[in-house]
Structures are given as C-alpha cells and as structure tokens.
Amino acid sequence: MSTVRVRFAPSPTGSLHIGGARTALFNWLFARHHGGAFVLRIDDTDTERSTDISYREILAAMRWLGLDWDEGPEKGGPYGPYLQSQRQEFYRQAAARLLNEGKAYLCYCTVEELAARRKIAQAEGRPPMYDRRCRYLTPEDRTRLEKEGRQPVIRLAVPDQGTTTVKDIVRGDVSFDNDTIDDFIIVKSNGMPTYNFATVVDDHLMQISHIIRAEEHLSNTPKQILVYQALGYELPAFAHVPMILAPDRSKLSKRHGATSVEEYRDEGYLPEAIINYLALLGWSPEGDEEIIPLEEMINSFSLERVSKNAAIYDTKKLTWINGHYLREGDLDRITRLAVPFLQAKGLLPDPLPEKDYDHVRAIIAAVRDRVKTLGEVADAASYFFTDVTTYEEKGVRKHFSKPGAAALLDEAREELAALPQFTAAAAEEAYRTLAERKGISTGQLFHPTRLAVTGRTMGPGLFEILELLGKETVLERLSRASRWIRENLA
RNA sequence: GGCCCGUUAGUCAAGGGGUUAAGACACCGGUCUUUCAAGCCGGUAACAGGGGUUCGAAUCCCCUACGGGCCA
C-alpha cells in the first residue's frame with residue numbers, strides 16, 4: 001500500500017471558517033486513520049488579499065481544534081517551503097518546461113480585448129471561451145506584440161476533443177468534454193501562477209496521494225487533470241466533499257452570524273464539540289452514536305461514508321453537543337477554560353488567586369449541568385461573585401408577594417444563623433424541620449429563599465447554593481430580601 | 001449562458017430493488033425533582049414532481065423543477 005499523504009491548503013484571506021475547518025478535519029481524520037501524513041500548505045499566491053493576521057489566525061484555530069499537521073508552516077518537512085508564495089521557482093520551471101514542449105504557449109491578448117470578444121461571443125450565442133488565437137503565433141507576430149509592450153500570460157494548450165474524467169471517491173466518475181474547456185491561463189501576466197496550476201505542481205511535488213477538498217473545486221478538477229497530464233505527473237485520488245451552506249441555502253458568509261472557528265471559541269464552545277459536530281456534517285459513522293470520541297472517529301472514518309449532498313449549517317445541534325461535553329468533561333479542565341469567561345465579565349480577578357480555585361471549581365460543578373457554553377457559565381454563576389440587587393419579576397409575584405413572606409425569610413434566617421456547621425446537609429435539615437413545624441410545604445420555604453439569595457427562580461440545588469455562598473452572605477442576602485419586600489411590597 | 005454536482009421530516013442523516021423508511025438535534029407531552037437543567041419514557045414530522053424498467057422502486061433509467069458550484 002502506498003503512503004497516504006493529504007493536505008489542507010487554505011488561503012490566508014480571512015479566519016478559518018466552518019467549511020474550511022470541516023475540510024481540514026476530513027483530511028486530518030483520513031491521514032490519521034491510514035497512519036499517513038497531514039500536510040498544511042498556505043495558498044498565499046493572491047498577494048492582494050493574503051494577510052499575515054489571517055495566516056496566524058488560521059494556524060491558531062487549527063491548533064486550537066487539535067488538527068496538528070505533520071508538515072507545514074512553523075513545522076517544516078521534506079517538501080517545503082509550505083507557503084506557495086515561496087515556491088515561485090517550482091512553478092516557473094514547470095511552466096518553462098510546458099512552453100518548451102509546446103504544451104503551453106504565450107498569449108498576448110489583453111484583458112480588455114478578451115472581455116470585448118467574450119461579449120461578442122455571448123451576443124452571438126457562442127460559448128465565451130478563449131478563441132486560441134495566440135496558440136499559433138509566428139515568431140514575427142510575437143516580436144511585434146512584445147514591441148507593443150504587451151505582457152503575455154501562459155495558457156495551457158488543451159486538447160479540443162475527447163473527455164476528461166475525474167475519478168472521485170465520493171461522487172464516482174464525473175466526465176467533462178474537453179471542448180468545453182478552453183486554453184486556460186496557468187501563469188498570469190505578472191508571473192504569478194494560477195490556482196489550477198500551482199496546486200497541481202505542489203500536490204505533485206509534495207507527493208499528495210489523496211486530494212480531499214470542497215465540492216466547489218470539482219469543476220476545476222478536469223483542468224488540473226489536464227495539467228497533470230501535460231506535465232506527465234501521476235494522478236492522485238480525488239474526493240470532493242459536499243459544501244456547507246447557510247440556513248438560507250446560500251454560501252456561508254459573515255452575514256450569517258458566527259461562521260469562524262474563532263467566534264465559536266470566543267462564545268465558549270469546546271474544540272471537541274466543534275470537531276464532533278463537524279464530523280457529523282457530511283459524514284456518518286456506521287452506528288447510531290452521535291457523540292463520538294476522537295479515537296473512534298479516527299478508527300471509523302472513511303471517504304466512502306461521506307455524503308454527496310450539501311449540508312445546511314445549523315448551530316442547534318452543535319450547541320447540544322457542546323452542552324454534553326461541558327457536562328461530561330474533566331472538571332478541572334472545564335474550570336480552567338471557564339475562568340477566562342468569568343474574568344472577562346469582571347466576576348473574577350485576573351489572575352485568579354490560587355486559594356480561590358477550589359471554590360470556583362465547586363461553583364462550575366454546580367452550574368455546568370444547566371448551560372450549553374462557557375459563555376453561559378458566566379451568566380449562570382454571576383450571583384456567586386456579585387451582590388444580588390434585583391429579583392426576577394415572575395419570582396417576586398409568586399414567592400415574595402404572599403402575606404408574611406418577609407417574616408418567613410426572617411424566621412428562616414434565624415434557623416440558619418443558629419447552625420454550628422453551615423453545610424448543605426445541615427441547612428436542608430433545618431429547612432425541612434422549619435417547614436414541618438410551620439405546617440407549610442417545603443417549596444413555600446425553598447422558593448423564596450432561592451429568590452432571595454440568587455435573585456432568580458432557577459439554578460442548582462438550593463442547599464448546594466447556600467453552602468457555596470457561605471453563611472455570612474446567605475444571612476445578609478436573606479435580610480436584604482426581607483427588607484426589600486417590606487419596602488416594596490408592603 | 002454553458003458545463004458539473006445534488007434533492008429522504010424544520011435541520012443533520014441511515015437506507016443502494018421487497019423495511020411498520022433508522023437514529024440524532026429542534027419541537028410537543030409525560031416522568032423525576034425544592035426550581036431550572038440533565039436523565040428516562042413517549043409523540044408530531046420525510047423519500048421534489050412526472051414518466052419509464054420491474055411481480056415489486058426512496059433505491060435503477062429519462063425528463064422537469066428547484067438548490068448549489070465552476071467558467072468568465
């Protein structure tokens with residue numbers, strides 16, 4: 001079996017978006033499944049749009065997701081450099097060879113001329129393809145055109161008959177008639193290679209065995225195959241994975257809300273949740289499981305089980321998966337990840353004093369069952385770190401408005417104040433005894449207390465909250481609530 | 001416009017000639033509970049349309065529609 005080598009080749013023109021991350025993940029899973037190499041290559045040939053910030057963001061996002069590359073930027077490898085902008089010499093050589101062998105030619109037509117001819121062709125109902133007029137230029141023509149100061153492009157001499165078939169692992173054989181492919185440009189007038197050319201040269205030089213990429217590249221593949229053939233390169237295997245679309249079925253873009261990995265990270269999604277969700281978008285394991293540990297993903301991943309149809313990106317399931325990992329994840333790790341979110345809201349000092357860590361961890365343990373993201377942890381836990389100044393209106397109506405509500409809180413406060421050991425169990429016992437003595441239901445006592453100490457009607461178990469808050473705070477909040485009721489509801 | 005790909009519930013998605021057409025998210029109901037979640041139990045909901053082929057089509061073929069992509 002020949003070695004599996006795959007690559008992910010993003011353009012550094014923005015942050016790593018969900019679609020790119022999914023493509024990267026499929027490549028990564030395929031490589032890990034086969035014990036092959038996952039290569040990261042940066043397609044920065046578009047010097048206008050490529051930025052260093054984007055480059056760094058993409059690398060950071062890949063690392064954050066855990067998609068480590070075996071060869072690539074900041075890592076190196078035997079087939080570098082891994083930035084296309086630094087590989088000009090390879091493209092130049094390949095193009096020169098094609099020119100020499102008569103498989104490519106210089107074209108002096110200007111963009112304006114081309115546009116004009118295209119317009120005419122369309123008006124006459126002909127396909128707007130390049131008419132190949134420079135393919136058969138005489139040396140005299142060429143000198144004349146060059147004297148005019150024209151900067152030539154290099155075009156591939158495409159056969160005008162026959163078909164080119166893409167053998168695609170996901171979609172089967174897809175054929176294109178060669179006469180629908182024009183003599184496309186492989187090197188621009190500024191000397192830069194086009195995508196269809198550079199990618200072939202690099203994939204060959206880097207010994208890529210399987211090209212796994214988004215479906216939008218399927219239509220470009222016959223052109224690339226023609227380049228492979230002209231250059232005498234062996235063809236890799238192709239696998240075009242379906243696109244990820246926005247809820248309105250259009251291409252995913254910024255106007256659809258969060259679409260980049262960074263944004264999800266900042267909202268408090270866990271990398272393993274994003275990986276898990278993305279894996280399920282376009283691929284399905286054989287069983288019924290939706291929560292799939294990474295190991296198992298690697299074991300069971302195969303391109304044969306990648307679906308053909310585009311998927312609409314919907315965050316509801318992602319959020320559910322995230323909630324799952326938040327609940328099940330190692331508590332220390334979740335705590336470490338949650339702390340920055342609490343600090344960002346000003347609920348915790350930065351850095352967090354070592355002595356406070358256990359307390360914070362206990363709070364995270366109490367609230368993480370009822371939230372879906374780390375961002376929500378901060379909301380859910382706010383009253384542990386800041387005073388309660390307002391009470392949820394619905395709760396006030398239900399629990400504070402009854403006659404005697406304030407007196408009841410006072411009474412409860414007395415009981416708690418008398419406790420020698422302020423623990424959840426002791427508080428609960430005191431409360432149950434008090435409720436019984438007063439002949440009221442436990443709820444009639446529990447609900448107003450919860451509202452008094454948290455300002456809310458929902459949350460973790462009441463006595464867990466009391467213990468976490470500590471005696472002093474609880475007593476203080478009970479008196480404050482009692483006072484508030486007398487002042488506002490009397 | 002030409003070429004290419006696709007179409008199973010709101011969403012992901014299994015199923016590839018014979019199935020009561022899986023499962024998950026979401027939604028709704030029940031249960032548990034001091035609340036809210038989680039968990040558990042249950043429910044609503046789908047083969048784009050039309051022609052073939054076949055004893056039999058979600059599954060194979062053709063057309064149409066719709067969606068998407070590529071080329072400028």
Side-chain angles (χ1 to χ4, degrees), chain A residues 111 114-115 117-119 121-130 163-164 166 168 170-172 174-182 184-185 195-196 214-223 240-252 276-292 305-324 326-328 366-372 376 380 392 394-395 398-399 428 431-432 435 441-451 454 456-466:
Chain A
V111 201
L114 257 17
R117 278 180 232 151
R118 206 178 299 127
K119 218 170 182 178
Q122 264 175 342
E124 292 172 358
R126 286 182 291 115
M129 289 170 55
Y130 175 62
T163 61
T164 296
V166 181
D168 193 283
V170 174
R171 333 192 86 85
V174 182
S175 295
F176 298 81
D177 286 331
N178 289 159
D179 62 15
T180 62
I181 303 171
D182 66 1
F184 57 94
I185 298 172
Y195 171 78
N196 285 325
E215 195 196 335
E216 56 188 322
H217 289 108
L218 181 58
S219 303
N220 278 323
T221 308
K223 291 184 179 178
H240 287 92
V241 306
M243 306 271 303
I244 295 178
L245 270 24
D248 62 359
R249 297 210 132 268
S250 68
K251 212 169 168 173
L252 219 45
N276 195 145
Y277 174 69
L278 252 23
L280 258 20
L281 216 52
W283 171 77
S284 63
E286 282 185 50
D288 269 353
E289 290 306 308
E290 310 275 333
I291 298 291
I292 310 167
R305 290 192 68 86
V306 169
S307 78
K308 295 181 181 57
N309 38 334
I312 290 175
Y313 179 68
D314 171 45
T315 54
K316 290 217 182 89
K317 191 160 183 174
L318 201 214
T319 303
W320 169 74
I321 292 175
N322 202 61
H324 170 88
L326 215 46
R327 251 175 276 127
E328 306 291 322
V367 302
R368 70 164 168 173
D369 282 0
R370 20 191 74 73
V371 298
K372 305 274 200 236
E376 288 174 18
E392 205 178 282
K394 187 186 73 189
K398 283 173 79 170
H399 311 303
E428 178 160 7
Y431 258 48
R432 292 198 185 275
S441 73
T442 52
Q444 284 175 277
L445 190 54
F446 294 180
H447 295 311
T449 303
R450 172 187 297 283
L451 187 61
T454 70
R456 311 179 188 190
T457 57
M458 42 191 224
L462 178 59
F463 304 105
E464 200 179 358
I465 294 174
L466 296 187

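Note that the structure is predicted; figures quoted are calculated from it, not measured. So that the names make sense, note that chain A is the first sequence line, chain B the second, and so on, each numbered from 1.
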Problem set entry | Shortest non-hydrogen contact from A/Ser307 toward A/Val170 | O-CG1, 3.9 Å
Seminar exercise, completed: Note: A/Arg117 and A/Tyr130 closest approach over all heavy atoms is NH1-CE1, 4.1 Å
For this session: Mind checking A/Ser307 for me? I need base, sugar-phosphate or nothing, with any heavy atom below 4.0 Å counting as a touch.
Result: sugar-phosphate
For this session: Starting at atom CD of A/Glu286, determine the distance to atom C1' of B/rG15, rounded to an integer number of angstrom.
Result: 12 Å
Seminar exercise, completed: Per atom distances to the A/Glu215 side chain, the nearest of B/rG67, B/rC5, B/rC70 is B/rC5
Exercise. Within the structure, does a side-chain N or O atom of A/Lys372 lie under 4.0 Å from either OP1 or OP2 of B/rA38?
Worked result: yes
For this session: Tell me whether the OP1 or OP2 atom of B/rA14 has a side-chain N or O from A/Ser284 closer than 4.0 Å.
Result: yes
Problem set entry | A/Asn309 vs B/rU8: side-chain N/O to OP1/OP2 distance below 4.0 Å | yes
Exercise. Where each residue is assigned the nucleotide of RNA chain B containing its nearest heavy atom, which of A/Ser175 and A/Asn220 is assigned the position nearer the 5′ end?
Worked result: A/Ser175
For this session: Grab the CD-P distance between A/Gln444 and B/rU35 for me, whole Å please.
Result: 13 Å
Exercise. Which pair of non-hydrogen atoms, one from A/Gly395 and one from A/Thr457, has the smallest distance, and what is that distance?
Worked result: CA-CG2, 3.5 Å
Exercise. Out of B/rC25, B/rG68, B/rU11, which nucleotide sits closest to the side chain of A/Met243?
Worked result: B/rG68
For this session: May I ask you to say what A/Gly282 touches in the nucleic acid, namely base, sugar-phosphate or nothing, with a heavy-atom cut-off under 4.0 Å?
Result: sugar-phosphate
Exercise. Contact class for A/Leu280 vs. all strands (heavy atom < 4.0 Å): base, sugar-phosphate, or nothing?
Worked result: sugar-phosphate
Exercise. Distance between the C1' atoms of B/rU53 and B/rC66, in whole angstroms?
Worked result: 26 Å
For this session: Provide, to the nearest angstrom, the distance between the CZ atom belonging to A/Phe446 and the P atom belonging to B/rU35.
Result: 10 Å
Exercise. Just checking A/Thr319: base, sugar-phosphate only, or nothing, at a heavy-atom cut-off of under 4.0 Å?
Worked result: nothing
For this session: In whole angstrom, give me the gap between the C1' atoms of B/rA46 and B/rA38.
Result: 30 Å
Exercise. Expressed in angstrom and rounded to an integer, what is the separation of A/His217 atom NE2 from B/rC5 atom P?
Worked result: 18 Å
For this session: Could you pick out which residue, A/Leu281 or A/Gly461, lies toward the 5' side of RNA chain B when each is mapped onto its nearest nucleotide?
Result: A/Leu281
For this session: Indicate, with a heavy-atom threshold strictly under 4.0 Å, whether A/Glu290 touches base, sugar-phosphate, or nothing.
Result: base
Problem set entry | Side-chain heavy atoms of A/Thr163 within contact of A/Pro222, under 4.5 Å | no
Exercise. Any idea which of B/rC70, B/rA37, B/rU35 is nearest the A/Met458 side chain?
Worked result: B/rU35
For this session: Could you work out the separation of B/rA72 and B/rG15 based on their C1' atoms and round it to a whole Å?
Result: 41 Å
For this session: Would you mind reading off the distance between A/Leu278 atom CG and B/rA13 atom C1', rounded to a whole angstrom?
Result: 15 Å
Exercise. Do A/Ser219 and B/rG69 share a donor-acceptor pair, side chain to base, under 3.5 Å?
Worked result: yes
Problem set entry | Phosphate contact (B/rC71 OP1 or OP2) by A/Arg118 side-chain N/O below 4.0 Å | no
Exercise. Considering only the P atoms, how many Å lie between B/rC70 and B/rG49, rounded to the nearest integer?
Worked result: 29 Å
Problem set entry | Whether A/Asn276 side chain and A/Glu290 backbone form a donor-acceptor pair below 3.5 Å | yes
For this session: Could you give the distance separating B/rA58 and B/rG16 at their C1' atoms, to the nearest angstrom?
Result: 10 Å
Problem set entry | Whole angstrom value for the distance that separates P of B/rG68 from NE2 of A/His240 | 20 Å
Exercise. Which whole-number value in Å describes the distance from A/Asp179 CG to B/rC71 C1'?
Worked result: 14 Å
Exercise. How are the rings of A/Tyr431 and A/Phe463 set relative to one another: parallel (under 30°), tilted (30 to 60°) or perpendicular (over 60°)?
Worked result: perpendicular
For this session: Classify the nucleic acid contact of A/Gly443 as base, sugar-phosphate or nothing, counting any heavy atom under 4.0 Å across all strands shown.
Result: nothing
Problem set entry | Closest nucleotide among B/rA26, B/rU35, B/rG69 to the A/Glu216 side chain | B/rG69
Problem set entry | Whole angstrom value for the distance that separates P of B/rA24 from CD of A/Glu289 | 10 Å
For this session: Provide the closest heavy-atom pair for A/Lys223 versus A/Asn196 in the form atom of the first, atom of the second, distance.
Result: CD-ND2, 3.7 Å
Exercise. Using atom C1' of each nucleotide, how far apart are B/rC47 and B/rA9 to the nearest Å?
Worked result: 10 Å
For this session: With P as the reference atom in both, quote the distance from B/rA26 to B/rA37 in angstrom, rounded to an integer.
Result: 12 Å
Exercise. Counting just side-chain N and O atoms, does A/Arg370 come under 4.0 Å of either OP1 or OP2 of B/rG39?
Worked result: no
Problem set entry | More than 12 heavy atoms from other groups under 6.0 Å of CD on A/Glu286 | no
For this session: Look at all strands and tell whether A/Lys398 reaches a base, only sugar-phosphate, or nothing, counting heavy atoms closer than 4.0 Å.
Result: nothing
For this session: Give A/Arg327 one of three labels, base, sugar-phosphate or nothing, depending on what nucleic acid heavy atoms sit under 4.0 Å from its own.
Result: sugar-phosphate
Exercise. Across the strands shown, which category fits A/Arg305 at heavy-atom distances under 4.0 angstrom: base, sugar-phosphate, nothing?
Worked result: sugar-phosphate
For this session: Considering only atom C1', compute the distance from B/rU8 to B/rC4 and round it to an integer number of Å.
Result: 23 Å
Exercise. Base, sugar-phosphate alone, or nothing: which one does A/Pro242 contact when heavy atoms must sit under 4.0 Å apart?
Worked result: nothing
